[in-house]
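A short write-up of the structure that comes next.
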Amino acid sequence: MKLSANEEYGLRCLVRIAYNSQGLTIPEMSQAEGVSPAYAAKILRVLRKGGFVKAARGKEGGYTLARPAQEIVIGNVMDALGGKLFESDFCDSHSGQHAICTRSVDCSVRSLWRAVQVAVDQVLSQATLRDLMQNEEEMNSFVRTIPGPNGLRLM
């Protein structure tokens, strides 16, 4: 499994904006993250439509957080940027050449993907943008405190 470029750069852009309360322009974001201005604009548009950032025009313009970092849940950000790893309609869209999946009645693979999604949702629903503003060691400590499915520690 891989995170998409939209998810990775979108999250990185959001963290960068969180650190810069004066706001960042598209050219500044493009330069800072090493992406084209058009791609930075695309990502920022998604983040704006998701309600995570707001844009101001003019000389003092740029993108800033739409609400405090501690109120921005990373799971919601990831959903806006790319969706979930496993959606409930996954089987409908991956049925092969048949009208329904050949494993639609008894599918061990679906059970696995559901369990993976539950674990991912557990972590992402606990983390906020404020948490991502910590350094890596602090974030590792935070992640260790998140209980996984059935109360098991994830790390």
Side-chain angles (χ1 to χ4, degrees), residues 1-94 109-110 112-155:
M1 282 182 278
K2 295 181 184 181
L3 290 174
S4 72
N6 279 351
E7 293 160 337
E8 174 66 20
Y9 285 112
L11 205 50
R12 286 171 42 178
C13 288
L14 195 57
V15 170
R16 189 169 294 278
I17 290 169
Y19 279 119
N20 191 323
S21 60
Q22 285 76 39
L24 290 169
T25 64
I26 289 171
E28 290 169 334
M29 185 63 73
S30 168
Q31 171 127 18
E33 289 301 328
V35 297
S36 72
Y39 190 56
K42 175 186 170 189
I43 290 169
L44 291 168
R45 184 172 36 259
V46 170
L47 293 172
R48 184 180 52 76
K49 286 184 174 190
F52 307 110
V53 299
K54 58 186 177 183
R57 296 182 186 268
K59 184 178 178 184
E60 301 295 319
Y63 288 84
T64 57
L65 294 180
R67 54 187 189 269
Q70 64 270 18
E71 294 178 15
I72 298 176
V73 177
I74 300 306
N76 297 337
V77 175
M78 298 303 281
D79 286 347
L81 289 167
K84 297 193 176 293
L85 293 172
F86 180 80
E87 299 279 354
S88 59
D89 67 347
F90 181 85
C91 297
D92 296 336
S93 60
H94 292 81
V109 175
R110 181 175 46 226
L112 174 66
W113 292 141
R114 251 191 226 123
V116 169
Q117 187 62 58
V118 166
V120 169
D121 287 345
Q122 181 72 26
V123 173
L124 296 181
S125 69
Q126 299 287 319
T128 67
L129 182 56
R130 180 76 190 131
D131 297 320
L132 288 181
M133 294 174 72
Q134 302 177 93
N135 66 37
E136 188 171 3
E137 184 178 327
E138 292 167 331
M139 191 62 190
N140 281 334
S141 294
F142 167 77
V143 171
R144 279 191 211 79
T145 69
I146 298 173
N150 301 323
L152 300 173
R153 292 283 174 227
L154 297 173
M155 289 180 68

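All figures in this text were calculated on a predicted structure; none of them were measured in a lab. Side chains included, hydrogens not; waters and symmetry mates left out as well; all remaining heavy atoms used.
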Could you go through the side chain to side chain contact (heavy atoms under 4.5 Å, CB included) check for Lys54 and Arg48 one step at a time? CA-CA 6 Å; Lys54 58 186 177 183; Arg48 184 180 52 76; 5.7 Å; no

What distance separates [X] [atom1] from [Y] [atom2], expressed to the nearest 0.5 Å?
X      : Y      : atom1 : atom2 : value
Arg114 : Asp121 : CZ    : CG    : 13.0 Å
Ile74  : Leu11  : CD1   : CG    : 5.0 Å
Leu14  : Ile43  : CG    : CD1   : 11.0 Å
Glu28  : Ile17  : CD    : CD1   : 10.5 Å
Thr25  : Arg57  : OG1   : CZ    : 13.5 Å

For residues [X] and [Y], report the shortest heavy-atom separation together with the two atoms involved.
X      : Y      : result
Ile146 : Gln122 : CG2-O, 4.0 Å
Ala41  : Ile26  : CB-CD1, 3.6 Å
Ala66  : Gly51  : CB-O, 3.3 Å
Cys13  : Leu47  : CB-CD1, 4.4 Å
Val46  : Ala80  : CG1-O, 3.5 Å

Does some side-chain heavy atom of [Y] sit less than 4.5 Å from a side-chain heavy atom of [X]?
X      : Y      : result
Met139 : Glu136 : no
Arg12  : Glu8   : yes
Asn76  : Phe52  : yes
Glu137 : Asn140 : no
Phe142 : Gln134 : yes
Glu71  : Leu129 : no
Thr64  : Val53  : no
Val77  : Leu124 : no

Taking only residues two or more places apart in sequence, or in another chain, which ones meet Asp131 in a side chain to side chain donor-acceptor pair (under 3.5 Å)?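 In terms of side chain to side chain donor-acceptor pair (under 3.5 Å), with neighbours along the sequence ignored, Asp131 is linked to Thr128.
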
Would Tyr39 and Asn6 count as having a side-chain donor-acceptor pair, cut-off 3.5 Å?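 A donor-acceptor contact under 3.5 Å links the two side chains.
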
Are a donor atom and an acceptor atom from the side chains of Glu7 and Ser4 found within less than 3.5 Å of each other?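 A pair is found: one side chain offers a donor N or O, the other an acceptor, under 3.5 Å apart.
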
Examine distances only and state if a side-chain atom of [X] and a backbone atom of [Y] form a donor-acceptor pair shorter than 3.5 Å.
X      : Y      : result
Tyr19  : Met133 : yes
Glu33  : Ser30  : no
Glu138 : Asn135 : yes

Would you please name every residue forming a salt bridge (charged side-chain N to carboxylate O under 4.0 Å, His left out) with Arg67, sequence neighbours left out?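 Arg67 satisfies salt bridge (charged side-chain N to carboxylate O under 4.0 Å, His left out) with no other residue.
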
